[in-house]
Amino acid sequence: LIERASPDEHVAALEEAEVIRQALGQLPDIYRAVVVLRHYQGLKLREIAEVLNVPEGTVNSRMAEGLSQLSRMLEPQFPNYKSNRARAEKRTREPLLI
Amino acid sequence: MKHPNRDEWVPFVFGETTPETAQSLNAHLASCAECRTQVDSWRRSLKRLDAWELPAQRRGGIFSRPLVAWAAAAAIVLGIGFGLGRLAPPSADPKKMARLEAAIQATLTAQIQEQVRKHVAAELGRGLGQTQLVSANDLASLEARFTAARKADSAQLAKEVVSLLEAQQDEDRAVTEAILAKFLALRKDLETVATVADEQLQDTQLKLAQLSTASLPEH
């Protein structure tokens with residue numbers, strides 16, 4: 001973040017980080033756990049299954065649901081992707097609430 | 001068109017499938033807009049997650065290594081009683097073994113609890129309690145769980161810590177991630193200590209088992 005060129009970009013990056021933090025915070029615990037363990041802790045799906053003491057299939061289904069919920073929360077917040085522009089325009093852009 | 005199950009895309013997105021599976025899923029993706037939309041949106045979300053990092057990674061950590069090491073040692077040493085039973089000669093009197101196990105566990109538990117308690121006090125003394133991330137109750141709860149973790153395998157300890165995580169009622173959601181991060185560090189430490197201690201422990205267990213058949217009075 002601190003390496004960004006302009007103050008505006010720095011603020012934008014901080015805002016983006018806050019949106020992500022809030023979205024993760026809104027994710028139910030069982031989904032957040034697998035997302036955090038994979039993405040931030042770098043554990044393999046097999047290792048997550050071991051740590052959480054659940055079958056690997058359960059990790060996969062929790063991850064699928066977690067990523068889908070995250071996408072539903074984040075896509076309206078970042079409507080500047082071509083692929084989801086149409087959908088984002090249809091929706092009202094609601095702020096994330098915590 | 002038959003779509004792959006949604007869960008099947010998870011290992012694919014993280015690059016954890018076999019090359020054959022990846023090839024077949026890639027082929028489906030090339031011809032199926034519906035699945036492509038889903039996979040793309042997952043990938044975008046994962047990329048966006050990089051905009052935020054775990055508080056634990058920035059702040060360093062809640063618990064210092066000595067406490068973690070002691071917790072790990074506690075779990076390992078408390079498992080000694082279970083090892084004794086396996087190592088004892090078949091002719092050993094079960095009652096004698098049970099008494100010996102109880103005596104050893106009582107002594108070791110007291111010693112370890114004292115050590116962990118000292119370290120918890122030291123942690124709090126260093127101002128970690130002021131971070132509001134970890135209250136004295138959290139530490140006391142951790143201490144209780146570790147000293148109660150009689151089986152030394154990491155899976156058992158993992159369950160204990162995961163249940164602690166599940167019981168976490170803190171309003172600050174970041175705490176869960178921070179503790180999760182510490183749990184992973186703890187698990188790594190536990191495995192390291194376990195590897196190093198295993199040989200010594202087996203040697204000690206053998207000696208204690210031999211001692212038990214020689215020195216306990218008959219009854």
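Numbers restart at 1 for each chain; the letters A, B, ... are given by sequence-line order, proteins then strands.
- Residues Ile20(A) and Asp50(B) have side chains not in contact (no heavy-atom distance under 4.5 Å, counting atoms from C-beta outward).
- Applying the salt bridge (charged side-chain N to carboxylate O under 4.0 Å, His left out) test to residues at least two apart or on different chains, none of the pairs has a partner in residues 22-33 of chain B.
- Residues that satisfy the salt bridge (Lys or Arg N to Asp or Glu O under 4.0 Å) test with Arg43(B), not counting sequence neighbours, are absent from this structure.
- Take Glu65(A) and apply the salt bridge (Lys or Arg N to Asp or Glu O under 4.0 Å) test, not counting sequence neighbours, and it matches Arg72(A), Arg6(B).
- Per-residue heavy-atom pair counts under 4.5 Å with chain B were compared for Arg46(A), Met63(A), Arg38(A), Lys44(A), and the maximum is reached by Arg38(A).
- Using a 4.5 Å heavy-atom cut-off against chain A, the contacting residues of residues 10-25 of chain B are Val10(B), Pro11(B), Phe14(B), Glu16(B).
- With a 4.5 Å cut-off on side-chain heavy atoms, Arg44(B) and Ser71(A) do not count as touching.
- Neither the backbone nor the side chain of Arg62(A) comes within less than 4.5 Å of any heavy atom of chain B.
- Using modelled atom types and a 3.5 Å distance limit, the side chains of Ser68(A) and Trp42(B) yield a donor-acceptor pair.
- To the nearest 0.5 Å, atoms CE (Met73(A)) and OG (Ser45(B)) are separated by 9.0 Å.
- Of all heavy-atom pairs spanning Asp7(B) and Ala64(A), the tightest one is OD1-CB, 3.7 Å.
- No part of Val59(A) comes within reach of chain B, as not one of its non-hydrogen atoms sits under 4.5 angstrom from that chain.
- Between Leu70(A) and Leu46(B), the closest side-chain pair of non-hydrogen atoms is not below 4.5 Å.
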